[in-house]
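Below is one structure, written out as structure tokens, with a few remarks after it.
Computed from a predicted model, the values in this text were never measured in an experiment. A, B, ... follow the sequence lines: proteins, then strands. Residue 1 opens every chain.
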Protein chains: 2
Amino acid sequence: MARTVDVGRVAERREAIAVAAARLFATAGFERTTVADIARAVGVSAGSVFYYFPDKRAVFRAVFERDLPLAQERVARYADADQPLTAILELVAELAADARDPAAYGLLVELLRQVDRDPELVEVVRRTAGIVQEGLTGLIARGAADGTVDAALDPREAAAWIQVVVDAAYLNADPARDPVPALRRTVARYLQPVPRDEEARGEP
Amino acid sequence: MARTVDVGRVAERREAIAVAAARLFATAGFERTTVADIARAVGVSAGSVFYYFPDKRAVFRAVFERDLPLAQERVARYADADQPLTAILELVAELAADARDPAAYGLLVELLRQVDRDPELVEVVRRTAGIVQEGLTGLIARGAADGTVDAALDPREAAAWIQVVVDAAYLNADPARDPVPALRRTVARYLQPVPRDEEARGEP
DNA sequence: GTCTATATTTAGATAGAC
DNA sequence: GTCTATCTAAATATAGAC
């Protein structure tokens with residue numbers, strides 16, 4: 001029997017609250033979602049939500065803390081791929097896969113809005129984005145080494161830029177169209193080494 | 001002497017309120033900016049703000065109504081350029097030039113967040129974004145005609161994608177770094193016709 | 001037209017019973 | 001742990017004096 005609190009059960013309840021809150025934050029936004037709304041969605045009272053979280057912002061952060069392990073798993077899966085450029089494109093497509101889910105769009109926008117106001121949220125996001133950036137940076141460096149990626153690019157800066165372009169896929173508000181093809185084309189061509197004839201002319 | 005209200009003066013006061021409000025909405029967001037804040041910034045009482053606008057959302061819309069003439073001017077300036085591809089890249093750079101202004105960043109995020117909740121705001125934004133999309137679509141079509149842009153692209157879809165990428169560049173604006181070079185490379189290569197040797201291999 | 005004063009509503013957070 | 005009840009604070013919008 002557990003000596004003090006059942007830490008597993010606490011984690012479960014927190015998770016359930018975060019899941020319900022994510023849906024509401026995505027559609028209504030942070031300010032317009034009330035703690036009472038969250039409590040109702042998860043089937044408890046508002047008082048109980050404050051038992052699991054010190055305040056409303058902490059619930060918001062919990063939503064994004066859930067992304068860290070997923071990012072780690074994805075990055076790890078591609079880290080040792082034989083063909084780094086192919087791996088980059090697959091990873092990018094996977095990162096953008098949720099883009100057509102309107103909830104993902106709403107959450108991204110709300111995150112951008114709130115991140116300036118909560119230093120602890122900055123830290124949460126920094127960790128997840130950092131994992132992805134590390135992974136992309138490594139793959140870009142390996143692509144440069146094997147000649148499939150433009151070696152003139154700074155791997156870290158290119159990785160950061162690619163993350164920006166992935167965000168663009170999320171902003172593509174039209175749910176009717178899949179942004180992944182345009183995204184793949186964009187990233188593939190961005191990374192592409194300078195074709196020899198153009199190199200001679202001093203462009204791209 | 002004016003028979004009824006001085007319509008010019010009303011427009012001036014509305015403008016002054018919109019300018020002050022823009023700054024506040026950009027930094028604090030829509031919900032956290034109070035009408036009292038706006039009134040104080042412009043030097044009047046909250047009651048006066050409600051004399052010029054029916055409600056707070058109307059003040060927010062007024063902020064974005066100011067963008068329409070600017071977009072028209074920019075697009076018109078490039079519409080008849082001799083080299084459409086060059087014009088696209090210049091126009092894109094200009095659109096992204098504001099990206100390093102934190103106020104522009106804040107306003108864009110807030111716009112994305114609020115646009116879902118206000119049908120009248122949708123209309124305001126649709127007009128401005130529509131002008132830019134028309135302009136880009138025309139330039140892309142002309143580029144396809146003169147061989148500087150991949151003719152396999154649908155001009156309208158390509159224009160929409162470019163707008164999204166510009167927005168993303170805005171959003172992740174690290175104020176320390178200029179996104180325009182990466183943006184130019186990205187757009188130029190995205191639009192580029194398929195090099196002949198790659199075409200033979202059936203790759204994009 | 002601009003103000004002051006206020007009605008109305010609502011939300012975050014807490015206290016304390018069970 | 002979960003609830004109900006409530007405190008406190010703030011914000012939109014209006015009323016009505018000047």
Contact under 4.0 Å: Arg14(B) side-chain N or O vs dG1(C) OP1/OP2: no

Test side chain to side chain donor-acceptor pair (under 3.5 Å) applied to Tyr105(A) - qualifying residues, sequence neighbours left out: none

Which residues share a salt bridge (charged side-chain N to carboxylate O under 4.0 Å, His left out) with Arg40(A), sequence neighbours left out: Asp37(A)

Gap between atoms OH and P, on Tyr51(A) and dT14(C) respectively (whole Å): 15 Å

Euclidean distance, atom CZ of residue Phe60(A) to atom C1' of dG12(C) [Å, nearest integer]: 17 Å

Partner residues of Tyr52(B) under the ring pair (Phe, Tyr, Trp, His ring centres under 6.0 Å) criterion, sequence neighbours left out: none

By side chain to side chain donor-acceptor pair (under 3.5 Å) - contacts of Arg126(A) (at least two apart): Glu123(A)

Between C1' of dG1(D) and CD of Glu12(A), the distance in whole Å: 15 Å

Those residues of residues 15-29 of chain A lying under 4.0 Å from DNA chain D by at least one heavy atom: none

Contact pattern, 5' to 3', of nucleotides 9-18 of chain D - B, S or - by protein heavy atom under 4.0 Å: --SSBB----

Contacts of Asp167(A) that satisfy side chain to side chain donor-acceptor pair (under 3.5 Å) - sequence neighbours left out: Asn172(B)

Value in whole Å for how far the P atom of dT2(C) lies from CG of Asp6(B): 11 Å

Ser45(B), nearest nucleotide to its side chain (from dT2(C), dT2(D), dC3(C)): dC3(C)

Short side-chain N/O contact to dT2(C) OP1/OP2 from Tyr52(B), under 4.0 Å: yes

Pairs meeting criterion ring pair (Phe, Tyr, Trp, His ring centres under 6.0 Å) with involvement of residues 12-39 of chain A, two or more places apart: Phe25(A)-Phe30(A), Phe25(A)-Phe60(A), Phe30(A)-Phe60(A)

Nucleotide dT2(C), atom C1' - distance to CZ of Arg13(B) in whole Å: 10 Å

Asp116(B): partners by side chain to side chain donor-acceptor pair (under 3.5 Å), with sequence neighbours left out: none

Residues Arg185(B), Asp150(A): salt bridge by 4.0 Å N-O rule: yes

